[in-house]
2 protein chains.
Amino acid sequence: MQPARRLYRRESEESRRTALISATQELVAEGGPEAATVRAIAERAGVTPGLIRHYFQSKDELSRAAYRALMDGMTAKGADAIEGVGAGPEERLAAFIAASLRPPVLDAGAVVLWAGYMHKVRSDPDLMAVHEASYLAYRDTLQKLIETLPRAVKPGQTRVEAIACNALIDGLWVEGSLLPGTFEPGEVITIGLSAVSAILGINLLDHTAMLPDFGKTTP
Amino acid sequence: MQPARRLYRRESEESRRTALISATQELVAEGGPEAATVRAIAERAGVTPGLIRHYFQSKDELSRAAYRALMDGMTAKGADAIEGVGAGPEERLAAFIAASLRPPVLDAGAVVLWAGYMHKVRSDPDLMAVHEASYLAYRDTLQKLIETLPRAVKPGQTRVEAIACNALIDGLWVEGSLLPGTFEPGEVITIGLSAVSAILGINLLDHTAMLPDFGKTTP
DNA sequence: CGCACGATTATACGCGCGTATAACAGTCGG
DNA sequence: CCGACTGTTATACGCGCGTATAATCGTGCG
């Protein structure tokens with residue numbers, strides 16, 4: 001008895017595309033780029049391999065879409081973090097930083113996924129543009145938040161500060177995700193907040209009351 | 001006329017191994033992990049594919065060796081940087097940081113190479129140990145340099161500072177390599193030195209006289 | 001000097017990849 | 001209610017991959 005024909009199920013274009021993109025991201029996050037074959041992606045998404053080429057011109061186009069979705073998702077997470085919180089500039093900055101250093105952003109799968117596309121980012125101008133836009137958007141949000149702080153600043157100072165804070169957060173994001181056992185839970189956030197405080201000459205640790213990670217800690 | 005047999009050339013085991021490792025690193029740096037096939041590696045190294053399996057049990061073992069060599073090389077570069085310079089703690093720290101934010105360490109190929117192995121680092125305990133050791137060695141060097149600074153510190157303070165500085169340098173390394181056009185030449189070093197200065201409460205920019213990047217700049 | 005051994009090359013195998021294409025199955029306007 | 005349309009599946013093709021193995025070549029030892 002050979003396997004019966006897969007049952008025919010019709011879905012919207014959007015749900016199929018997102019399913020394929022999610023499947024791709026999951027597989028790359030779990031097993032690196034080489035694990036995301038068209039057959040594995042199709043199986044994960046619950047379709048047959050042929051369907052991929054019905055929604056994407058090639059596997060490469062699906063890969064690009066997956067990278068774009070990753071970057072958009074991460075910047076969206078940051079934007080969400082400064083939506084709800086109180087109006088204080090320090091609170092908003094602290095919330096923004098903390099959101100980047102906590103799951104689901106701080107996640108080994110996300111780092112592996114991000115790293116897996118790195119060489120394509122460098123060789124494909126389209127993906128390079130996505131990366132650059134995403135990086136600059138994040139940095140710009142950071143810079144805008146920094147500029148709202150009640151400080152006297154010299155011209156050009158906030159740009160350099162934003163670059164440094166961005167780099168600091170990126171580095172903590174990578175190492176905190178890859179070596180989770182090396183840090184206490186929440187320690188990455190504390191380190192990030194205090195280092196950014198030092199760079200900017202402020203004190204963010206006094207403005208963490210509304211952060212979910214700081215219920216009653218840091219005596 | 002079919003191609004003549006490749007001329008038989010005998011080499012030492014060490015030169016063959018390093019040639020194969022270098023070829024692997026170059027190919028991954030240029031085209032990502034998928035570009036480093038046994039055939040491409042062999043051609044780059046000037047041998048035939050079969051020879052790879054004479055010196056390495058499998059392609060995976062060669063990959064691991066290439067990753068180890070990458071990590072060792074980068075930490076060696078840092079150690080070199082603090083060898084020659086004057087005895088001042090600030091000078092040594094500044095030289096160490098600058099060495100990480102300047103070619104050949106600051107290099108897109110190196111970042112792509114590093115990123116290309118990331119998922120293997122996570123899944124292979126052997127590589128994970130290499131990564132962790134390399135990361136902790138770098139951080140430890142940093143921490144030791146920080147501890148020599150003439151400052152009054154609280155217990156546990158330098159560990160957190162070293163983590164933050166390490167993350168900052170890592171982040172600048174990645175973004176500075178991937179988006180070289182976004183920064184002026186040497187700007188990444190300046191930003192790194194000033195941000196580390198802020199984190200540690202010192203001033204490294206006054207101790208850059210012997211750095212090759214600071215001939216007569218930063219007015 | 002010759003021969004045994006190790007370094008190196010040559011060839012082949014099987015597998016899984018991305019892709020192309022044809023068959024099939026629901027859906028919807030007439 | 002039927003035919004055109006399109007989402008979906010099934011099957012096949014060719015290529016390049018990592019690997020295995022046999023043939024070849026140089027070198028050093030007895």
Side-chain angles (χ1 to χ4, degrees), chain A residues 1-24 27-28 30-67 116-117 119-120 123-124, chain B residues 1-24 27-28 30-67 116-117 119-120 123-124:
Chain A
M1 132 189 173
Q2 61 231 30
R5 186 184 181 91
R6 170 183 277 273
L7 54 74
Y8 190 100
R9 173 113 182 98
R10 222 165 166 121
E11 294 271 349
S12 76
E13 169 168 350
E14 195 197 332
S15 79
R16 282 273 129 100
R17 292 185 92 97
T18 61
L20 289 170
I21 288 173
S22 297
T24 304
L27 287 164
V28 175
E30 292 168 12
E34 69 239 32
T37 68
V38 291
R39 286 164 176 83
I41 293 168
E43 188 186 8
R44 179 74 60 112
V47 299
T48 47
L51 196 63
I52 290 180
R53 311 263 343 271
H54 188 264
Y55 285 107
F56 298 92
Q57 234 177 38
S58 68
K59 189 203 168 183
D60 227 62
E61 195 192 305
L62 170 56
S63 292
R64 277 195 289 268
Y67 181 73
Y117 284 107
H119 92 270
K120 286 184 183 170
S123 56
D124 181 339
Chain B
M1 131 193 175
Q2 60 230 28
R5 186 183 180 91
R6 169 183 280 271
L7 53 74
Y8 189 99
R9 172 114 183 97
R10 223 169 167 117
E11 294 270 349
S12 76
E13 168 167 352
E14 193 196 334
S15 80
R16 282 272 128 101
R17 291 185 93 96
T18 61
L20 289 169
I21 288 174
S22 298
T24 305
L27 286 164
V28 175
E30 292 168 13
E34 69 239 32
T37 68
V38 289
R39 285 162 177 83
I41 293 168
E43 188 187 9
R44 180 73 62 111
V47 299
T48 47
L51 196 62
I52 290 180
R53 312 263 339 274
H54 187 267
Y55 286 107
F56 298 93
Q57 233 177 38
S58 67
K59 189 202 168 184
D60 228 61
E61 195 193 305
L62 170 55
S63 293
R64 278 194 288 268
Y67 180 74
Y117 285 106
H119 92 271
K120 286 184 183 168
S123 57
D124 182 337

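Just so we're on the same page: letters track the sequence lines, and every chain starts at 1. From a predicted model like this one, the values you see are computed outputs, not experimental measurements.
Of all nucleotides listed (D:dG7, D:dC17, C:dC17), C:dC17 comes nearest to the side chain of A:Thr37.
Straight-line distance from the CZ atom of A:Arg5 to the C1' atom of C:dA25: 7 Å, rounded to whole Å. Remark: P of C:dT11 and CZ of B:Arg6 are 13 Å apart, rounded to the nearest angstrom. Going from atom CG of B:Leu7 over to atom P of D:dG26 covers 9 Å, rounded to whole Å. Remark: C1' of C:dC17 and CD1 of A:Ile52 are 12 Å apart, rounded to the nearest angstrom.
Applying the side-chain contact (heavy atoms from CB on, under 4.5 Å) rule to A:Arg10 yields the partners A:Tyr8; only residues at least two apart in sequence or on another chain are considered.
Using a 4.0 Å cut-off, no side-chain N or O of B:Tyr55 falls inside it from OP1 or OP2 of C:dA7. The phosphate of C:dT8 has neither OP1 nor OP2 within less than 4.0 Å of any side-chain N or O from B:His54.
Taking CZ from B:Arg16 and CD1 from B:Ile21, the interatomic distance works out to 13.5 Å, rounded to the nearest 0.5 Å. Taking CD1 from B:Ile41 and CG from B:Leu62, the interatomic distance works out to 5.0 Å, rounded to the nearest 0.5 Å. Here CZ of A:Arg44 is found 10.5 Å from OG of A:Ser22. Values are rounded to the nearest 0.5 Å. Distance check: B:Ile52 CD1 to B:Arg17 CZ gives 12.0 Å after rounding to the nearest 0.5 Å.
In terms of heavy-atom proximity, A:Arg39 sits nearest to A:Pro49 at CG-CG, 4.0 Å. Nearest heavy-atom pair across A:Pro33 and A:Gly116 is CG-O, 3.6 Å.
Here ring-ring contact (aromatic ring centres under 6.0 Å, His included) pairs that include residues 38-66 of chain B, with residues two or more places apart or in two chains, number zero. Residue pairs satisfying the salt bridge (charged side-chain N to carboxylate O under 4.0 Å, His left out) criterion with at least one member in residues 52-61 of chain A, sequence neighbours excluded, are listed as follows: A:Asp60-A:Arg64.
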Can you tabulate the close N/O pairs, meaning under 3.5 Å, that link protein atoms to atoms of nucleotides 19-21 of chain C?
| from | atom 1 | to | atom 2 | distance (Å) |
| --- | --- | --- | --- | --- |
| C:dT19 | OP2 | A:Lys59 | N | 3.1 |
| C:dA20 | OP2 | A:Arg53 | NH1 | 2.7 |
| C:dA20 | OP2 | A:Arg53 | NH2 | 2.6 |

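Heavy atoms from other residues, nucleotides or ligands lying under 6.0 Å from CD of B:Glu43 number 12 at most. Shown here is B:Glu34, whose CD atom has more than 12 heavy atoms of other residues, nucleotides or ligands within 6.0 Å.
For DNA chain D, the residues of residues 8-22 of chain A within the heavy-atom distance limit of 4.0 Å (strictly under) are A:Tyr8, A:Arg9, A:Arg10, A:Glu11, A:Arg16, sorted by number. Applying a 4.0 Å cut-off to non-hydrogen atoms, the residues of residues 41-48 of chain A that approach DNA chain D are A:Val47, A:Thr48, listed by residue number.
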